[in-house]
Amino acid sequence: MNSIEKTSIAMVAVLGGTIFFAYAVLSYEKEIRECREAASAAGFSDCDVFSQAKAAGITQASKWAEKQRQDQAAADERARERERSAKAKQEMQEQVAAIKAELSRNPASKMSIPDFTWKISGFGNVALVSPTIENKNNFEVKDIVIECNFSAKSGTQLSTTNQTIFDTVKGNSKRTFKEVNVGFIHSQSARASCQVNSAKRALLD
């Protein structure tokens with residue numbers, strides 16, 4: 001095969017490729033034009049949207065618009081449901097945390113000794129305290145630990161004692177306990193003060 005023949009074959013190949021490309025472009029343009037015409041006839045302003053509608057089995061713009069509204073409404077409702085679910089979960093977690101915190105709280109934080117009397121007994125070194133214990137919790141408490149501090153006439157603190165009262169005080173009430181032995185104290189004790197250190201929920205055990 002001489003050079004002229006080779007050149008002719010190459011030119012034919014190039015021409016064939018050009019013709020194929022031109023045909024493909026014309027076919028694509030025709031397809032786009034037909035799609036736009038069909039979309040316009042069906043009330044659609046966009047060929048791509050019309051193609052999406054056809055894929056969903058819809059050929060009328062009004063029905064497609066209604067489907068879009070329904071789909072958006074359903075999506076919005078799902079979003080609201082997720083938000084409600086997340087909020088409910090958060091509220092539940094907060095409630096559980098609050099319950100745990102309340103159950104672990106020392107009931108003494110809402111208890112006090114608004115009034116008490118005391119005296120020295122034994123051999124002049126044992127204190128008997130009669131405290132009125134106020135329970136502002138809305139539940140009954142038991143095993144109440146009181147701490148009493150004793151000081152001299154000069155104000156110098158001499159001793160501190162702790163004693164557990166193995167009894168109960170109902171919620172939102174007061175109760176006076178007579179002559180609770182709080183143990184040994186300094187013989188020169190002249191002043192006393194008492195407070196509730198801890199207590200237990202009566203219904204937990």
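Note: hydrogens, waters and symmetry copies are ignored here, and every other heavy atom, side chains too, is used.
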### Task
Let me see the working for Ile120 and Asn125 under side chain to side chain contact (heavy atoms under 4.5 Å, CB included), right down to the final yes or no.
CA-CA 6 Å; Ile120 297 178; Asn125 60 358; 5.8 Å; no
### Task
Quick one: do Leu203 and Phe139 satisfy side chain to side chain contact (heavy atoms under 4.5 Å, CB included)? Show the steps, please.
CA-CA 8 Å; Leu203 299 180; Phe139 51 83; 5.8 Å; no
### Check against side chain to side chain contact (heavy atoms under 4.5 Å, CB included), Arg201 and Glu102
CA-CA 11 Å; Arg201 291 172 176 260; Glu102 174 62 17; 2.8 Å; yes
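A donor-acceptor pair is defined here as one N or O able to donate and one able to accept, closer than 3.5 Å; such a pair exists between the side chain of Arg175 and the backbone of Thr168. Counting only distance, with no hydrogens or angles, the side chain of Asn181 and the backbone of Gln163 share no donor-acceptor pair below 3.5 Å.
Contact of the Asn135 side chain with the Glu140 side chain is not registered, since no non-hydrogen atoms from C-beta on lie closer than 4.5 Å. When side chains are defined from C-beta on, Glu66 does not count as touching Gln60, because their heavy atoms never get closer than 4.5 Å.
Counted by atom type alone, Gln72 and Asp76 present one or more donor-acceptor pairs between their side chains at under 3.5 Å.
Between Glu81 and Arg78 there is no salt bridge, since no side-chain N of the basic residue sits under 4.0 Å from a carboxylate O of the acidic one. Under the 4.0 Å criterion applied to side-chain N and carboxylate O atoms, Glu91 and Arg84 are not assigned as salt-bridge partners. Checked for salt-bridge contact, Asp115 and Lys174 miss the test: no charged N lies under 4.0 Å from a carboxylate O.
Interatomic distance, CG of Leu103 versus NZ of Lys100, reported as 10.0 Å (0.5 Å rounding). Note that CZ of Phe150 is 15.5 Å distant from OG1 of Thr156, once rounded to the nearest 0.5 Å. In this structure, Ser130 OG and Lys119 NZ are separated by 7.5 Å, a value rounded to the nearest 0.5 Å. For the atom pair Ser193 OG and Asn149 CG, the distance stands at 4.5 Å (nearest 0.5 Å). Interatomic distance, CZ of Arg82 versus CD of Glu77, reported as 10.5 Å (0.5 Å rounding). The structure places CD of Gln195 at 9.0 Å from CG of Asn162, a figure rounded to the nearest 0.5 Å.
Val126 and Val180 fall into different hydrophobic clusters, defined by Ile, Leu, Val, Met, Phe, Trp and Tyr side-chain heavy atoms under 4.5 Å apart, directly or through other members. Hydrophobic clustering keeps Met111 apart from Val145 (ILVMFWY residues linked when any side-chain heavy atoms are closer than 4.5 Å, directly or through intermediates).
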Which donor-acceptor pairs under 3.5 Å do the side chains of residues 184-192 make with protein atoms, sequence neighbours left out?
unit_1 : atom_1 : unit_2 : atom_2 : d
His186 : ND1    : Gln188 : N      : 3.0
Ser189 : OG     : His186 : O      : 2.8
Arg191 : NH2    : Lys153 : O      : 3.2

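Surrounding CD of Glu83 are at most 12 heavy atoms belonging to other residues, nucleotides or ligands under 6.0 Å away.
Here the shortest heavy-atom pairing between Ser121 and Leu128 reads CB-CD1, 3.6 Å. The minimum heavy-atom distance linking Arg105 with Ser109 is given by the pair NH1-OG, 2.7 Å. Nearest heavy-atom pair, Asn137 versus Pro107, reported as atom, atom and distance to 0.1 Å: ND2-O, 2.9 Å.
Checking Thr132, Ile146, Val129, Ile144 one by one against Ile113, the side chain to side chain contact (heavy atoms under 4.5 Å, CB included) holds for a single residue, Ile146.
Residues meeting the side chain to side chain contact (heavy atoms under 4.5 Å, CB included) test with Phe166, sequence neighbours left out: Asp143, Thr164.
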